[in-house]
There are 2 protein chains.
Amino acid sequence: MSPHDVQEAVRQTYQAYLTRHGLKSTVQREIIIKRFVKSRGHLSADELYAALREEHPSIGLATIYRTLKILTEAGIAREQRFNDGFTRYEFNGPDDRHHDHLVCTACGRVEEFENREIERLQEEVANIHGFAINDHKLELYGLCPDCARSGRNVG
Amino acid sequence: MSPHDVQEAVRQTYQAYLTRHGLKSTVQREIIIKRFVKSRGHLSADELYAALREEHPSIGLATIYRTLKILTEAGIAREQRFNDGFTRYEFNGPDDRHHDHLVCTACGRVEEFENREIERLQEEVANIHGFAINDHKLELYGLCPDCARSGRNVG
DNA sequence: TTCCAATTGAGAACAGAAGTCAAATCAACC
DNA sequence: GGTTGATTTGACTTCTGTTCTCAATTGGAA
Ligand SMILES: [Mn+2]
Ligand SMILES: [Mn+2]
Ligand SMILES: [Zn+2]
Ligand SMILES: [Zn+2]
């Protein structure tokens with residue numbers, strides 16, 4: 001899927017969500033979404049706020065929070081809570097697959113990985129315990145190669 | 001290891017930690033630890049506070065937090081952050097093995113499991129990415145058998 | 001006992017996030 | 001285009017779990 005197609009699919013999903021919930025499209029939301037989709041990191045609301053601060057200083061932090069909530073509910077964003085006290089949001093594109101995370105406890109770097117075998121074993125565990133799983137969280141915390149090499153250990 | 005031996009080992013570890021850090025033993029800490037070790041759940045500070053409230057109404061919440069921090073640092077307790085907004089603490093006995101959690105999103109029930117194969121695959125992933133892992137978090141969220149059967153879906 | 005650092009409980013402070021509200025904006029209708 | 005009413009906005013306040021502050025108390029070495 002080309003970047004343009006992704007952009008278009010997001011717009012489609014977003015508009016459908018607005019209509020379905022009787023919400024309005026606004027310039028602030030457009031700006032926030034465009035930047036969020038473009039950045040493709042694991043952003044906190046405050047980081048996104050800071051990223052928009054220069055070009056759009058009038059957009060309030062509350063609007064960022066509200067828009068991220070809409071995006072999450074529309075399936076365009078995904079919430080992640082690593083252990084730094086912030087809720088982080090990542091773009092969830094139309095053909096993005098589920099993945100889990102490696103988190104560097106020194107510099108905050110986040111790497112993604114996908115492991116079908118682990119996922120399968122998780123299902124097995126859930127079955128054994130009779131749980132009907134609808135979400136899971138797997139995070140590996142430690143030092144990234146750079147931080148391990150340089151002996152860093154705090155952020 | 002008998003309950004008495006566990007009790008004794010905890011006391012040992014606790015005392016050693018106090019000495020090593022120039023801390024004092026207090027009646028409040030003794031009471032909190034005894035109750036914490038006995039309960040063996042995944043308790044929030046507030047739940048522990050409530051549990052002690054009746055018998056020891058003068059013990060403050062701040063002291064609970066402070067004691068749980070000491071226990072965590074001494075390796076007697078382990079912090080867990082599930083997705084309910086509370087930090088939870090579980091007793092980490094001298095012969096307790098590492099385990100992960102199944103969490104019911106309806107009733108809050110927490111089940112533990114251990115899966116060496118998943119752990120091994122995690123190490124493999126970390127190696128591929130060059131990360132030096134020192135902690136990880138694996139939680140499966142869904143409905144426990146009871147809640148699934150009764151159609152419950154909120155806590 | 002004396003003495004002083006460690007500890008306590010109460011309340012204030014903190015931080016991320018969510019709520020409040022009057023003013024501004026969107027979009028449906030004419 | 002203009003009118004209208006519901007939605008949204010930004011600034012601010014509030015909320016909540018946790019930590020900090022501080023004067024009074026306590027623990028334990030001497
Ligand atoms: Mn990710
Ligand atoms: Mn556990
Ligand atoms: Zn790093
Ligand atoms: Zn349940």
Side-chain angles (χ1 to χ4, degrees), chain A residues 11 14-33 35-36 42-50 52-74 77-89 108 155, chain B residues 11 14-33 35-36 42-74 77 79-89 108 155:
Chain A
R11 173 167 305 279
Y14 168 61
Q15 289 297 345
Y17 183 87
L18 293 188
T19 304
R20 186 153 27 92
H21 290 78
L23 305 180
K24 291 174 177 171
S25 168
T26 71
V27 295
Q28 289 93 336
R29 283 176 184 167
E30 294 289 336
I31 291 166
I32 293 168
I33 293 170
R35 175 58 75 97
F36 174 68
H42 298 79
L43 295 175
S44 67
D46 207 68
E47 284 168 350
L48 188 49
Y49 179 59
L52 292 168
R53 194 102 194 71
E54 196 173 338
E55 269 194 90
H56 304 282
S58 69
I59 294 180
L61 181 56
T63 301
I64 309 267
Y65 274 109
R66 290 187 282 234
T67 303
L68 286 171
K69 173 169 285 184
I70 288 173
L71 292 180
T72 301
E73 281 163 4
R78 206 158 21 198
E79 282 186 5
Q80 298 291 346
R81 259 173 286 268
F82 303 141
N83 281 341
D84 64 353
F86 299 87
T87 300
R88 295 182 171 280
Y89 299 82
Chain B
R11 174 166 304 279
Y14 168 61
Q15 289 297 344
Y17 183 87
L18 293 188
T19 305
R20 184 151 30 92
H21 291 78
L23 306 179
K24 291 174 178 173
S25 169
T26 72
V27 294
Q28 290 92 336
R29 285 176 183 167
E30 295 287 337
I31 291 166
I32 293 167
I33 294 170
R35 175 60 71 98
F36 174 69
H42 298 79
L43 295 175
S44 67
D46 207 67
E47 284 169 352
L48 187 49
Y49 179 59
L52 291 169
R53 195 99 194 72
E54 196 173 339
E55 270 196 89
H56 305 280
S58 70
I59 294 180
L61 181 55
T63 301
I64 309 266
Y65 274 107
R66 291 187 282 234
T67 304
L68 286 171
K69 173 169 283 182
I70 288 173
L71 292 180
T72 301
E73 280 162 4
E79 282 187 5
Q80 298 291 343
R81 257 173 287 269
F82 303 141
N83 282 340
D84 65 352
F86 299 88
T87 301
R88 295 181 170 280
Y89 299 82

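All figures in this text were calculated on a predicted structure; none of them were measured in a lab. Quick note on labels: first sequence line is chain A, next is B, and so on, each numbered from 1.
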Considering residues at least two apart in sequence or located in another chain, which fulfil the side chain to side chain contact (heavy atoms under 4.5 Å, CB included) criterion with [X]?
| X | result |
| --- | --- |
| B:Arg11 | B:Glu8, B:Gln15, B:Glu30 |
| B:Ile31 | B:Leu52, B:His56, B:Ile59 |
| B:Arg66 | B:Ala62, B:Thr63 |
| B:Tyr49 | B:Asp46, B:Arg53, B:Leu61, B:Ile64 |

In this structure, how many angstroms lie between the [atom2] atom of [N] and the [atom1] atom of [X], rounded?
| X | N | atom1 | atom2 | result |
| --- | --- | --- | --- | --- |
| B:Phe86 | D:dT19 | CZ | P | 14 Å |
| A:Ile70 | D:dT7 | CD1 | P | 13 Å |
| A:Tyr65 | D:dT14 | OH | C1' | 14 Å |
| A:Ile64 | D:dG10 | CD1 | C1' | 11 Å |

Quick one: the side chain of A:Arg66 and the base of D:dG10, do they pair up donor-acceptor inside 3.5 Å?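 Yes, a donor-acceptor pair under 3.5 Å.
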Counting only heavy atoms and a strict 4.0 angstrom limit, can you tell me which residues of residues 45-53 of chain B come near DNA chain D?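 Heavy-atom contacts with DNA chain D come from no residue of residues 45-53 of chain B; none.
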Mind running a 4.0 Å heavy-atom check of residues 17-32 of chain B against DNA chain C and sending the residues that fall below it, in number order? B:Gly22, B:Leu23, B:Lys24, B:Thr26, B:Gln28, B:Arg29
What pairs with B:Glu55 under salt bridge (charged side-chain N to carboxylate O under 4.0 Å, His left out), at least two apart in sequence or on another chain?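 Listed in chain order: B:Arg35.
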Under the side-chain hydrogen bond (donor to acceptor under 3.5 Å, both in side chains) rule, collect the residues that match up with [X], sequence neighbours excluded.
| X | value |
| --- | --- |
| B:Asp84 | B:Arg88 |
| A:Gln28 | none |
| B:Thr87 | B:Arg81 |

How close do B:Tyr14 and B:Ser25 get, counting heavy atoms only, and between which atoms?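 Result for this residue pair: OH-CA, 4.1 Å.
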Apply side chain to side chain contact (heavy atoms under 4.5 Å, CB included) to A:Tyr89 and A:Leu43, showing your working. CA-CA 5 Å; A:Tyr89 299 82; A:Leu43 295 175; 5.6 Å; no
For a 4.0 angstrom threshold against heavy atoms of chain A, report the outermost contacting nucleotides of DNA chain C in 5' to 3' order. C:dG16 to C:dA27
Find which nucleotide of DNA chain C each of B:Ile59 and A:Asp84 is nearest to by heavy atoms, and output the residue with the more 5' nucleotide.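 The residue mapped nearer the 5' terminus is B:Ile59.
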Kindly write out the residues that satisfy ring pair (Phe, Tyr, Trp, His ring centres under 6.0 Å) with B:Tyr17, not counting sequence neighbours, or none if the list is empty.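 Residues passing ring pair (Phe, Tyr, Trp, His ring centres under 6.0 Å) with B:Tyr17: B:His21.
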Which is true for B:Thr87 with a 4.0 Å heavy-atom rule: it touches a base, it touches only sugar-phosphate, or it touches nothing?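 Here B:Thr87 touches the backbone only, sparing every base.
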